[in-house]
Amino acid sequence: MKLYSKRTLIEPILENDIPAIIDMYNERDSFKYVKALDGKSDDFYERFLQNKIESNRNDIGFWVVKEKKSLEFIGTVNLNQFASTSMIHMGCHLKRKFWNNGFATELLKRILDYGIKEKKLQEVFGIFDEENSVSRRLLEKMEFKYFEDQTFLDTKVIVYRYMSKGLSK
């Protein structure tokens with residue numbers, strides 16, 4: 001199953017995508033706000049991504065993103081269960097080269113639309129490190145509202161929630 005946004009092709013992760021994703025993971029500041037994944041070995045990332053491929057066999061929730069015209073790898077997006085919670089969250093991880101070009105907004109709007117309209121989700125969460133002001137602003141721009149503070153894997157995070165239209169806020 002492929003999704004499209006204005007500038008991108010969004011498709012489920014495949015084995016041959018793993019090297020490009022690991023290269024992105026190894027970029028400076030790639031996991032600045034995801035401390036549990038920062039500084040891990042390539043073998044760790046390989047196992048992590050193999051688990052994403054396996055999870056996609058049941059319910060696709062992890063995609064690679066490519067530029068529509070050139071098919072250049074841009075990053076990844078997800079819409080899946082967060083850790084051991086019941087929350088379905090969305091996220092975006094971009095190669096440094098594509099930061100500050102509107103791709104995160106474009107991609108997350110498309111993933112949110114997919115979750116609400118096609119997957120019929122009643123709510124979607126955005127979960128981010130309390131120091132990540134960029135994610136906060138992006139989610140607020142997309143009409144997510146503050147839900148709660150949490151701690152996951154020794155990291156304080158803020159949870160925002162988007163409720164589908166028709167539900168009380």
Side-chain angles (χ1 to χ4, degrees), residues 1-34 36-38 45 48-49 51-53 55-56 59-83 85 87-129 131-147 157-165:
M1 177 204 46
K2 295 181 181 183
L3 303 172
Y4 298 91
S5 70
K6 181 179 179 183
R7 299 177 287 169
T8 69
L9 162 64
I10 305 162
E11 56 189 0
I13 179 178
L14 299 173
E15 292 267 345
N16 62 356
D17 297 314
I18 290 175
I21 299 171
I22 290 175
D23 284 347
M24 175 182 68
Y25 286 174
N26 285 317
E27 289 182 332
R28 182 173 52 87
D29 292 334
S30 184
F31 285 116
K32 180 178 181 178
Y33 298 115
V34 186
L37 296 177
D38 192 27
Y45 293 139
F48 174 79
L49 293 167
N51 286 337
K52 297 299 182 187
I53 292 170
S55 295
N56 275 358
D59 186 24
I60 296 172
F62 194 83
W63 296 267
V64 293
V65 179
K66 296 176 183 170
E67 199 275 330
K68 202 184 281 184
K69 292 178 183 165
S70 69
L71 297 181
E72 180 179 359
F73 174 79
I74 292 173
T76 61
V77 291
N78 64 280
L79 179 69
N80 53 9
Q81 184 176 342
F82 183 76
T85 72
M87 292 185 280
I88 302 298
H89 80 116
M90 65 178 202
C92 180
H93 196 148
L94 301 176
K95 283 179 63 173
R96 186 176 197 75
K97 171 182 175 179
F98 295 98
W99 292 3
N100 302 311
N101 288 298
F103 280 104
T105 301
E106 179 178 332
L107 291 165
L108 290 178
K109 283 182 177 179
R110 178 63 183 105
I111 292 301
L112 179 62
D113 185 66
Y114 167 76
I116 298 297
K117 292 181 180 172
E118 297 175 47
K119 299 278 289 178
K120 307 294 185 208
L121 297 173
Q122 299 298 303
E123 58 188 6
V124 174
F125 294 88
I127 302 168
F128 57 95
D129 183 292
E131 297 174 8
N132 190 339
S133 60
V134 173
S135 289
R136 178 191 310 267
R137 284 192 306 274
L138 174 57
L139 291 169
E140 288 174 352
K141 182 167 58 172
M142 294 177 60
E143 299 182 11
F144 279 69
K145 304 293 182 207
Y146 172 82
F147 183 67
V157 296
I158 299 173
V159 180
Y160 273 36
R161 178 174 65 178
Y162 181 92
M163 297 180 70
S164 71
K165 307 302 181 209

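Side-chain atoms of Glu106 come within 3.5 Å of backbone atoms of Lys6 as a donor-acceptor pair (strictly under, hydrogens ignored). The backbone N or O of Asn132 sits nowhere less than 3.5 Å from a side-chain atom of Ser135 that would complete a donor-acceptor pair.
With a 4.5 Å cut-off on side-chain heavy atoms, Phe144 and Met90 count as touching. The side-chain heavy atoms of Ile74 and Leu94, taken from C-beta on, include a pair separated by under 4.5 Å. Looking at heavy atoms from C-beta onward, Leu107 lies in side-chain contact with Ser5 at the 4.5 angstrom threshold. Looking at Phe62 and Leu49, their side chains come closer than 4.5 Å, going by heavy atoms from C-beta outward. A 4.5 Å side-chain heavy-atom check between Asp59 and Lys119 finds at least one atom pair inside the cut-off.
Take Thr105 and apply the side chain to side chain contact (heavy atoms under 4.5 Å, CB included) test, not counting sequence neighbours, and it matches Lys109, Leu138, Lys141. Every residue was checked against the side chain to side chain donor-acceptor pair (under 3.5 Å) condition with Gln81, not counting sequence neighbours, and none meets it. Applying the ring pair (Phe, Tyr, Trp, His ring centres under 6.0 Å) criterion to Phe31, with sequence neighbours excluded, gives Tyr25, Tyr45, His93. Evaluation of the side chain to side chain contact (heavy atoms under 4.5 Å, CB included) rule for Lys68 yields Tyr4 as partners, not counting sequence neighbours. For Lys69, the salt bridge (Lys or Arg N to Asp or Glu O under 4.0 Å) criterion is met by no residue, not counting sequence neighbours. Every residue meeting the side chain to side chain donor-acceptor pair (under 3.5 Å) condition with Asn80, not counting sequence neighbours, appears here in chain and number order: Asn78, His89. Applying the side chain to side chain donor-acceptor pair (under 3.5 Å) test to Thr76 and every residue at least two apart in sequence or in another chain returns nothing. For Lys117, the side chain to side chain donor-acceptor pair (under 3.5 Å) test picks out Asp113, with sequence neighbours left out. Applying the side chain to side chain contact (heavy atoms under 4.5 Å, CB included) test to Ala20 and every residue at least two apart in sequence or in another chain returns Phe73. Residues that satisfy the ring pair (Phe, Tyr, Trp, His ring centres under 6.0 Å) test with Tyr33, not counting sequence neighbours, are absent from this structure.
Separation of atoms CZ (Phe48) and CD1 (Ile22) is listed at 11.0 Å; rounding is to 0.5 Å. Taken from CD1 in Ile111 to CD in Glu118, the straight-line distance is 9.5 Å, to the nearest 0.5 Å. Atom CG in Leu108 sits 5.0 Å away from atom CE in Met142 (nearest 0.5 Å). Within the model, atoms OH of Tyr160 and CD of Glu140 stand 3.5 Å from one another, a figure rounded to the nearest 0.5 Å. Taken from CG in Leu3 to OG1 in Thr8, the straight-line distance is 8.5 Å, to the nearest 0.5 Å. Note that CD1 of Ile60 and OH of Tyr114 are 6.5 Å apart. Values are rounded to the nearest 0.5 Å.
Leu139 and Gly126 get closest at one heavy-atom pair: CD1-CA, 3.8 Å. Nearest heavy atoms, Gly61 versus Asn56: N-OD1, 2.9 Å. Residue Cys92 comes nearest to Ala104 through the heavy atom pair SG-CA, 4.0 Å, listed as atom of the first residue, atom of the second, then distance. Between Leu79 and Trp63 the shortest heavy-atom distance is N-CZ3, 3.7 Å.
Residue pairs satisfying the salt bridge (Lys or Arg N to Asp or Glu O under 4.0 Å) criterion with at least one member in residues 15-27, sequence neighbours excluded, are listed as follows: Asp17-Lys66. Under the side-chain hydrogen bond (donor to acceptor under 3.5 Å, both in side chains) criterion, the residue pairs touching residues 94-103 are Glu72-Lys97, with sequence neighbours excluded.
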(message) Checking Lys32 against Asp38 for the side chain to side chain contact (heavy atoms under 4.5 Å, CB included) test, could you report, in this order, the C-alpha distance in whole Å, the side-chain angles of both residues, the deciding distance, and whether it holds?
(response) CA-CA 7 Å; Lys32 180 178 181 178; Asp38 192 27; over 6 Å; no
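Here the two rings, on Phe125 and Phe147, have centers that are under 6.0 Å apart.
Phe103 carries Arg7 over the face of its six-membered ring, with the cationic atom under 6.0 Å from the centre and within 45° of the normal.
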